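Everything numeric here is computed off the predicted structure, so don't read it as measured data. Just follow the structure's listing: the first ligand is 1, and inside any ligand the first atom is 1. Residues take their numbers from the sequence shown, with the count starting at 1.
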Amino acid sequence: TTYGIEFVPGAINVKQVVNYTKLAESKDIDYVWITNHYNNRHAYPTLAMIAANTDTIKMGPGIMNTFTDTPAAIASFMATLNEISDGRAVLGIGPGDLSTLPKLAIDPVKPVARLTEGVTQIRKLLSGEEVKKTGNMEFFDYDGAKLTGVTLPGKKGIPIYIGAQGPKVLELAGTIGDGALINASNPKDFDAAIPIIKAAMEKAGKKNFDVGAYTAMSIDKDEKKARNAAKIVAAFIAAGSPPAILERHNLDMNNVAKIKDALARFDFKAVGGLVGDAEIDAFTIAGTPDTVKQKCEDLAKAGVTQIIFGSPLGPDMTNSIRLLGKYII
Ligand SMILES: C[C@H](OP(=O)(O)OC[C@@H](O)[C@@H](O)[C@@H](O)Cn1c2nc(=O)[nH]c(=O)c-2cc2ccc(O)cc21)C(=O)N[C@@H](CCC(=O)N[C@@H](CCC(=O)O)C(=O)O)C(=O)O
């Protein structure tokens, strides 16, 4: 199992992200993934600062999308990041957050078809190909595009991880991705996701694949503190999950409805009272190092090959990264 860590450059600034990443690198964490949301600090300059201040950790956006960025812009950024990090760039890319894109006056039409074409063009551009018009592209029918002014990644290429949750995107990941970043923390979700990926790999004749569990993590020596720190993120994931996911985790639907309601009113005190062990254990890994170790082992048993420690990490981030280094990695 390899390990990754996710930072959201919203609550913490770029300098803090770089310092936490250097601490994570010193604990032998292999990947750092930076989320991309229009309302936060941008992933690209954050990643450039990480590249300039680290030596071994791989880094990339977790995840970009092809609505707010064009494939050519993403390819140019990734080639540049790869150059300045001396070959450590990885790309996380997905459909895009369908709930926020309309806020940017973007109508997220056919996100899966668009993502498929976008990744196809990114791979061609990063391989130094001149992308000729094909006539059957619906979104990005490039005509003569070619990256010339930046050092390309060469044979090794840049690994492309697809951010996926729905079955169609999981299938796409298995078909065209080098890996997947799956927003889930519970083995039940991987029991459902991995067969879809494997079947798609089989059809595409692919052998290697990195199944990334993009978890919501909260680790602390004090079990209660760790679990309390996980409540809000568990609430948001529960509120954003389709009924099928809630059923999979046998959650009480009307409790989740109440949580959704309280979140909409920003009544976080009420949320704290409504979120119980069921929601916390369905959507996060929260507890003492022993609990977290056991849950990471359960994910590995379910077929996860990269465990990404996602926010909030715990009540105190520095302490959490230290505990992850000492007890888990
Ligand atoms: C599009 C959606 O796919 P989904 O995998 O459920 O997408 C939900 C999230 O993965 C998506 O919003 C991501 O962008 C969320 N996301 C992030 N989103 C962000 O904006 N920023 C992030 O930093 C971010 C990180 C992240 C990390 C891991 C991860 O798994 C997701 C992450 C979906 O509905 N998929 C369905 C089917 C949809 C479908 O088939 N649509 C067709 C036709 C529909 C039509 O005709 O409109 C098409 O799109 O071509 C499915 O997979 O079965």
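Among protein heavy atoms, atom 6 (O) of ligand 1 sits closest to G166 N, 3.3 Å. Of all protein heavy atoms, the one closest to atom 34 (O) of ligand 1 is L98 CD1, 4.5 Å. Atom 23 (O) of ligand 1 has its closest protein heavy atom at N36 N, 2.9 Å. Among protein heavy atoms, the minimum distance from atom 32 (C) of ligand 1 is reached at I63 CD1, 3.6 Å. Among all protein heavy atoms, the one lying closest to atom 8 (C) of ligand 1 is Q165 OE1, 3.5 Å. Residue, atom and distance of the protein heavy atom nearest to atom 30 (O) of ligand 1 are L181 O, 2.9 Å. Closest protein heavy atom to atom 47 (O) of ligand 1: K110 N, 3.6 Å. Counting protein heavy atoms only, atom 20 (O) of ligand 1 is closest to D97 CB, 3.1 Å.
Within the 4.0 Å heavy-atom criterion, both parts of A113, backbone and side chain, lie near ligand 1. Under 4.0 angstrom from ligand 1, there are no non-hydrogen atoms of R114.
Looking at I34, I308, V169, it is V169 that brings a heavy atom closest to atom 3 (O) of ligand 1. In the candidate list E6, H37, K168, H37 is nearest to atom 19 (C) of ligand 1, counting heavy atoms.
Of the N or O atoms in G94, none lie within a sub-3.5 Å distance of an N or O in ligand 1. The shortest N/O to N/O separation between G96 and ligand 1 falls below 3.5 Å.
Applying the side-chain hydrogen bond (donor to acceptor under 3.5 Å, both in side chains) test between K295 and each of T215, D281, N186 identifies D281 as the sole match. Here the rule is side-chain hydrogen bond (donor to acceptor under 3.5 Å, both in side chains) with R88, and of T56, T54, D55 only T54 fits it. Of the candidates I194, V304, V211, V211 is the only one forming a side-chain contact (heavy atoms from CB on, under 4.5 Å) with I182. Of the listed residues (Y3, Y214, Y31), just one forms a side-chain contact (heavy atoms from CB on, under 4.5 Å) with Q306, and that residue is Y31. None of I74, N65, D69 except one satisfies the side-chain contact (heavy atoms from CB on, under 4.5 Å) rule with I93; the exception is I74.
Applying the 4.0 Å criterion to heavy atoms of P111 picks out, from ligand 1, the atoms 1 (C), 48 (C), 49 (O). Of all the atoms in ligand 1, the ones that sit under 4.0 Å from a non-hydrogen atom of V112 are 38 (C), 39 (C), 41 (N), 48 (C), 49 (O), 50 (O). Below 4.0 Å from some heavy atom of A164 lie the following atoms of ligand 1, by number and element: 5 (O), 30 (O).
The two atoms that bring R123 and I158 nearest to each other are NH1-O, 4.3 Å, heavy atoms only.
Note on L23: it clusters hydrophobically with M317, by side-chain heavy-atom contacts below 4.5 Å among ILVMFWY residues.
By the definition of a contact as any protein heavy atom under 4.0 Å away, atom 25 (C) of ligand 1 is in contact. By the definition of a contact as any protein heavy atom under 4.0 Å away, atom 49 (O) of ligand 1 is in contact. Shown here, atom 44 (C) of ligand 1 is out of close reach of the protein: none of its heavy atoms lies under 4.0 Å off.
By the 4.0 Å N-to-carboxylate-O rule, E130 lies close enough to K132 to be salt-bridged with it. The pair E138-R114 does not meet the salt-bridge criterion, since no charged nitrogen lies less than 4.0 angstrom from a carboxylate oxygen.
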### Task
Report the C-alpha distance between D191 and K301 in whole Å, list the side-chain angles of each, state the deciding distance to 0.1 Å, and finish with yes or no for salt bridge (charged side-chain N to carboxylate O under 4.0 Å, His left out).
CA-CA 10 Å; D191 292 345; K301 262 187 240 127; over 6 Å; no
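Below 30°, between 30° and 60°, or above 60°: for Y20 and F7 the angle between ring planes is below 30°, a parallel geometry.
The closest donor-acceptor contact from the side chain of D189 to the backbone of A184 lies at 3.5 Å or more, if one exists at all.
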